[in-house]
J.: 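Once you've had a glance at the structure underneath, I'll fire off some questions.
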There are 2 protein chains.
Amino acid sequence: MVKIAILGFGTVGSGVAEVLKMNASSIAKRAGQEIDVKYILDIRDFPGSPFESLVIHDFEIIEKDPEVSLVVETIGGAKLAYEFTRRALLAGKSVVTSNKELVATHGVELLSIAAEKNVSYLFEASVGGGIPILRPLTNCLAGNEIMEIRGILNGTTNYILTRMFRAGLSFEDALAEAQALGYAEANPSADVDGIDAGRKTCILADLAYGYEVCPDQIAPIGIRSISAADVAGAEACGRVIRLIGRVLRREDGRVHLIVAPHLVSNTCPLACVEDVFNAIMVTGNAVDETMFYGRGAGKLPTASAVVGDVVDIVRNLPARRALSWVKAPADYVADNAELIYSFFIRAKADAAAAKAAFGDVTIISEEDGICVFLTPAMETAKAESCAKALDVLSFIRVLN
Amino acid sequence: MVKIAILGFGTVGSGVAEVLKMNASSIAKRAGQEIDVKYILDIRDFPGSPFESLVIHDFEIIEKDPEVSLVVETIGGAKLAYEFTRRALLAGKSVVTSNKELVATHGVELLSIAAEKNVSYLFEASVGGGIPILRPLTNCLAGNEIMEIRGILNGTTNYILTRMFRAGLSFEDALAEAQALGYAEANPSADVDGIDAGRKTCILADLAYGYEVCPDQIAPIGIRSISAADVAGAEACGRVIRLIGRVLRREDGRVHLIVAPHLVSNTCPLACVEDVFNAIMVTGNAVDETMFYGRGAGKLPTASAVVGDVVDIVRNLPARRALSWVKAPADYVADNAELIYSFFIRAKADAAAAKAAFGDVTIISEEDGICVFLTPAMETAKAESCAKALDVLSFIRVLN
């Protein structure tokens, strides 16, 4: 029997305890032995909870208990979670987490400590919630050079965008609805401003290419500015709008990372991803296009991914599951001004002015002095300079 | 350096050699050492091929070469492939294959020999071609009870159905087109009659529940009878038709396996899967719905999955990757007459007769003496007996 501890008894942590209990027998069968939760660390008590008796408040008890060989960190954030993860790894315990912020910001250090101590640090749940994506990316697709990754990585923004398209809601109303349903927080910035998607995009790039990209190297563009007019314009050209986290490999070995709203063709599988679902499309030079779809958040789906990592570690003990990436060369992340896109533009202009500014454009509509059009594919920097000639209301990338 | 042999230098076998060469450096990095193809076994010679010098015609050379620790079987079929796989495993060599027929029919025996000899027998490529599905199912989703699997598992039939819907082609014309494009064989029976999808459905059930289901326990229903009128009727109720391989777990622990055309709602992600692409939707009691999408066939995509297995084995040497399932209890596979469905029916009847026969039906259309309707959800056996009261032209399951 393997004894584990859960740090943080919030949504995900309690989900992990629940899944381990609900599916105990099949999990034991797959892991090769029973998995027993010995401690649950939280600042709160949980009177009446079936797990009440396991709750403790002092991490040192876990750290010093040689019987605990694996720790599940579901505290979140990069402060206490960072300290406890470090100390657990240094104490020779494997750690499994759903904490994208911690992995994206301190992954290099924590993975190197894990290697040094010959234990595992796994985080399948940190990207795409319950969707198996990190293991397939590093394992099943190991025969490929990864050419590109495009992901719908944030369920809250995908719900908002879906409602704007399906129900004609404004951004504000769709956000309010998402908050009422508990999909969005009172302060929705991490979601709607693309910060959460940015962290996940970094983790995907780290694993795909072995070089660290820090969240502060991305300037995410969120969805606050998406208007009903943008929705109408996208529909008029057979597309939807999705917040896409994109990792693109260049010929010169450098990479582009971008998080921004993109127009996505209705014929692209990513356009079928609605509501709070997530999907990650990975393109390899042998497998071509693959896509992984499912619930990107939520108590049990996220717990499913955490427990999958726990089972993987236990089944393979004493061997460790090795993931790693290293600090990248200074100029590894390329300037997105060089990224080539066709752009969806709404501007106070007529078709002639649009053509004059951008050349061979495709006019979607022209009325009330506002022209909606698609530009030819061009470098982002060039598109931005061309846009100066017009009074631009919307400037959105089109995913080819 | 690990030395391997490839058995059968056809489409997949040559793709494996190509991928190992094309991505040699990144593969070596991920595998922890170089992977070198020492022999290629085929009855043919390949003058002019870059691999010409590796071609041999006698399996015994591979069997008796202690330097060869891993064999890739891409011969296909269950005769020679069966003999060579058995002998390779008995000789203490791990085997990786894309051979769904062999795995579905002899998996129990071959996996037990692999266990006995402490080597691996992996076959990610046998289901969904390049799509990572078997490893996620057995590994990433290990925390779940698998409730249901629904897959578009055959690219040829999906291409035909896509063309019938998108271009209005008849089944015959779409098949001819698929044959002209090399997607379908001169004798298309294995594809269009659901035999290939049936084998893959068995492998998914074997891995999901640990009990063997043999292809001869499924009576697959193919797509030959799908007509333009069915396509029109499906479109009229917001659905498409897909050949679905379905594994459904019952309360009593038994399972239903069915391979048949199903109407799929346009809002279901499976409906977005077009042309030769495959997708497998797995529902777990923790993760809820996940879907895995990509190319289900083709030289490099299939090779990608094979090479992924090869890398997984090499990276983890000397440990073996253990998969297994056992013979099932006699009554393990339940009678699909008990499966509950709503049915799409076209019959020479009027709405009144349809109602009289099936009760509370939903009429889709009624013209020229033909009524198209959806029945309420009912046991298949009951629907079949109700259908006797009408002159039924089409009887197709509706995926809920």
Side-chain angles (χ1 to χ4, degrees), chain A residues 15-16 18-20 22-23 26-27 29-31 124 129-145 210 267-269 271-274 277 279 281 284-295 298 300-301 303-312 315-316 319 322, chain B residues 15-16 18-20 22-23 26-27 29-31 124 129-145 210 267-269 271-274 277 279 281 284-295 298 300-301 303-312 315-316 319 322:
Chain A
V16 170
E18 201 176 305
V19 168
L20 286 170
M22 173 171 75
N23 298 333
S26 61
I27 288 171
K29 197 175 156 205
R30 293 175 184 134
E124 179 65 73
I131 306 170
I133 172 60
L134 302 186
R135 193 171 279 94
L137 177 66
T138 53
N139 198 335
C140 309
L141 299 179
N144 291 263
E145 298 284 350
T267 63
C268 170
C272 304
V273 179
E274 300 203 316
F277 282 87
M281 187 171 276
N285 68 342
V287 75
D288 192 20
E289 254 179 24
T290 60
M291 191 177 83
F292 304 85
Y293 168 95
R295 293 195 176 274
L300 295 187
S304 164
V306 171
V307 173
D309 279 344
V310 170
V311 170
D312 189 34
R315 172 169 41 197
N316 292 285
Chain B
V16 170
E18 201 176 303
V19 168
L20 286 170
M22 175 172 73
N23 298 334
S26 62
I27 288 171
K29 197 173 157 208
R30 292 173 185 138
E124 179 65 75
I131 305 170
I133 172 60
L134 302 186
R135 193 171 279 95
L137 177 65
T138 53
N139 198 336
C140 309
L141 300 179
N144 292 262
E145 297 285 351
T267 61
C268 171
C272 305
V273 179
E274 300 203 314
F277 281 87
M281 186 171 277
N285 69 342
V287 75
D288 192 22
E289 257 179 22
T290 59
M291 190 177 82
F292 304 85
Y293 167 95
R295 293 194 177 275
L300 295 187
S304 164
V306 171
V307 173
D309 279 344
V310 170
V311 170
D312 190 34
R315 171 169 41 196
N316 291 285

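Within every chain, numbering begins at 1; the chains are lettered A, B, ... in the order of the sequence lines, protein sequences first and strands thereafter.
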J.: Using heavy-atom distances under 4.5 Å, tell me whether A:D288 contacts chain B through its side chain, its backbone, both, or neither.
T.: side chain
J.: Among the options B:N144, B:L134, B:L141, pick out the one with the most heavy-atom pairs lying under 4.5 Å from chain A.
T.: B:N144
J.: Shortest non-hydrogen contact from B:I27 to A:A142?
T.: CG1-O, 3.8 Å
J.: Check B:V19 against A:G143 and note the closest heavy-atom contact, atom names and distance.
T.: CG1-O, 3.4 Å
J.: Pick one of side chain, backbone, both or neither for B:R295, based on which atoms fall under 4.5 Å of a heavy atom in chain A.
T.: both
J.: Between B:D309 and chain A, which part of the residue has a heavy atom less than 4.5 Å away: side chain, backbone, both or neither?
T.: neither
J.: Can you tell me which of A:M22, A:E18, A:R30, A:K29 forms the most heavy-atom pairs within a distance under 4.5 Å of chain B?
T.: A:R30
J.: Taking all heavy atoms of A:V287 and all of B:G130, pick out the closest pair and write down the distance.
T.: CG2-O, 3.4 Å
J.: Rounded to the nearest 0.5 Å, how far does CD1 of B:I131 lie from CE of A:M291?
T.: 10.5 Å
J.: If you count heavy-atom pairs under 4.5 Å with chain B, which of A:D312, A:V307, A:N316 comes out on top?
T.: A:D312
J.: CG of A:N285 to OG of B:S26: how many Å apart, nearest 0.5 Å?
T.: 7.5 Å
J.: Count the heavy-atom pairs under 4.5 Å between each of A:E289, A:E145, A:R315, A:M281 and chain B, then report the option with the highest count.
T.: A:E145
J.: Could you look at B:T267 and say if it's the side chain, the backbone, both or neither that has a heavy atom under 4.5 Å from chain A?
T.: neither
J.: Between B:C268, B:P301, B:G308, which has the largest tally of heavy atom pairs under 4.5 Å with chain A?
T.: B:P301
